Amino acid sequence: MIGAFLFLALQWGAGGCETASWQLASQGIRYGVQSRINVNYPDDCELWIGDGERIQGNQIVTPWLQPGRYKYTLKLRRAGQVVAEKEVSFQAGESVDITMSIEPRPPVKPNTPNVGDLPPTGVDVASIDFPDGTTITTNSGREITRTQAKEMIGKDKVPDHAKCLRLTVVGNESELADTKTKLAGVLNPGEPLVLGFFKPDAWQLRDLKTNQPLGFPSGSPVTAYLQMPSGEVVCKSTGADSIVAMVTALRQKNPTFDPAKVSDFAGGTIMGSGNEIKAGVIGGIATLLLLAFLRKN
Amino acid sequence: MSQSCKKIMAVFLTAFLLGFTSQLGSNAYVTDGFATRENEPAQIDFPWALWQKNTGGRDGAGLCVFTSAHHSCGVWADDALGVRFLEFMRTQPGGGYPDKFKAMVTRFIEKENAERRKQNLPAISEPPYIQIESTNKQEFMDLMARALDNGHMPAITYSYSPSGRYNGQQIAHMVNLVAARVGANKLWGFMDNNYRGVEWMDEDTAWRVISKMGGAWAIIFLNPGPPPVPHN
């Protein structure tokens, strides 16, 4: 990776520019010395060498260099825009400290007038390019569709929490980590079960108005409640292995379930709809008419 | 006074009144708790004891984006972005926009993991979230309502206070949405990080409040909120 930087580094000596030395590094010949460039730059910017490579952190370590002088073009980007550019030249083996600063940002739009009178806000409207329509992005910056977003918010990838069972596990940090690892082995992605792992002093387990416990387990040893969405506790289990067994049991076949009793759509109707319903309605009306007729006579 | 002068004054007065009422939205009001005046509960019942007041970053610019994210994720969804994220942001320049938010979360997680490696603690990962930018009212408000119905607490842009906070001025702020389409009047509830209490308003007013800065921006963290209170 770093060898590619040498595309951007031109070497020149006393006689002026010479050929780029990247071939040597790409051939695995490691001789010479490395240089270090320490760059001080604003935290909300990204540091790039040219347009090719983003640098994580504040230090650039060059590949192994032959003696001579080299030059990098450094760029700062913010919100995808280049906001500062600087050339840095250095001798092979030299450590260089540089500072890259940018023009002060225009003040954040909010509260421009009478700023002292209002509480702080802080949305930098000048840096937002609102789309014509709707744009949705994930953590990674990947753009997704509205349908995908709806699924992520409510169904499929993230369960519909309002309708899912909740498993609330209370214990100390190591017990929680152990339980989490063991559960990961039995749960499938998208499982309709909302997991919550809490230390005994978590705010979620107390009534914050009175500071009294809400009734969750005290957490020693690690204990889990299986709750309906309404909060009703249907089962509890103590110990990581027992909790895993309880969750596994949720996934076992219901012994009363008989696949043969499920209606087959190949017959053209879904049970409880269509002809059965029509027949019921017609039969009911006929009975009422018959009763009325009998009473009249 | 001439007839034309009267007409001009009438036009100005009408325009003023229209502008005034559209800004203040006569139906907006504030309650102390997470329920409307009719006692219809919000989807989110946030613990006030863990509410944080907005502050500035190291350059004095506000941290409303990160304070709202702290409420949504650090408290409500109990994720890696705990109180330490907000502490970290207080050492950084203030002000927020979508790309900066993403960059700061990544940088914070990298920094946390560097420290955790030193202590032989397991690494943490970024909490899953999506960012929505929109100028389409229906699409945006439907997504927000869906998020709240599923127990998520969005952080959302906020341009003015229809109940008269911020001296009625237009601002560029981020707060938390705690209720969507609640009760017979289908009200929306906002929890500000500068003022305690929930500000309630109808959907049209809510959209104006959210989007008046040119569009709407929301961050939705996808991990679940707290478990329901246990009972038999």
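Chain identifiers are assigned alphabetically (A, B, ...) following the order of the sequence lines, protein sequences preceding nucleic acid strands; residue numbering begins at 1 within each chain. Predicted, not measured: the structure shown is a model, and the values here were computed from it. All values below come from the heavy atoms of this structure, side chains included, with hydrogens, waters and symmetry mates left out.
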Side chains of residues 86-95 of chain B: which donor-acceptor partners sit under 3.5 Å, not counting sequence neighbours?
| residue | atom | partner | partner atom | Å |
| --- | --- | --- | --- | --- |
| B/Arg90 | NE | B/Thr55 | OG1 | 3.3 |
| B/Arg90 | NH2 | B/Gln52 | OE1 | 3.4 |
| B/Thr91 | OG1 | B/Phe88 | O | 2.5 |

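When side chains are defined from C-beta on, B/Pro228 does not count as touching A/Met228, because their heavy atoms never get closer than 4.5 Å. Considering only heavy atoms from C-beta on, A/Leu118 comes within 4.5 Å of B/Ile171 through its side chain. Between A/Thr137 and B/Ile130 the shortest side-chain heavy-atom distance does not fall below 4.5 Å. Contact annotation: the side chain of A/Pro119 never approaches that of B/Asn54 to less than 4.5 Å [non-hydrogen atoms, C-beta and beyond]. Considering only heavy atoms from C-beta on, B/Pro227 comes within 4.5 Å of A/Phe198 through its side chain.
Remark: A/Thr210 engages A/Asp207, A/Gln212 in a side-chain contact (heavy atoms from CB on, under 4.5 Å) (not counting sequence neighbours).
For residues 169-182 of chain A, the salt bridge (charged side-chain N to carboxylate O under 4.0 Å, His left out) pairs, not counting sequence neighbours, are A/Glu173-A/Lys199, A/Asp178-A/Lys182, A/Lys182-A/Asp241.
Contacts of residues 100-116 of chain B with chain A at a heavy-atom distance below 4.5 Å involve B/Lys100, B/Lys102, B/Met104, B/Arg107, B/Glu110, B/Arg116, listed in sequence order.
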Problem set entry | Criterion side chain to side chain contact (heavy atoms under 4.5 Å, CB included) on B/Tyr97 and A/Val123, from CA distance to verdict | CA-CA 6 Å; B/Tyr97 49 94; A/Val123 171; over 6 Å; no

For this session: Determine, stepwise, if the pair B/Glu139 / A/Thr134 fulfils side chain to side chain donor-acceptor pair (under 3.5 Å).
Result: CA-CA 7 Å; B/Glu139 286 178 357; A/Thr134 302; 2.4 Å; yes

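Heavy-atom distances place both the backbone and the side chain of A/Thr138 under 4.5 Å from chain B. Looking at A/Leu167, there are no atoms closer than 4.5 Å to chain B (heavy atoms on both sides), in backbone or side chain.
Exactly one residue among A/Asp129, A/Ile128, A/Thr135 makes a side-chain contact (heavy atoms from CB on, under 4.5 Å) with B/Pro98. That residue is A/Ile128.
Between atom CD of residue B/Gln131 and atom CD1 of residue A/Ile144 there is a gap of 11.0 Å, rounded to the nearest 0.5 Å. Atom OH of residue B/Tyr166 and atom OG1 of residue A/Thr121 lie 7.0 Å apart, to the nearest 0.5 angstrom.
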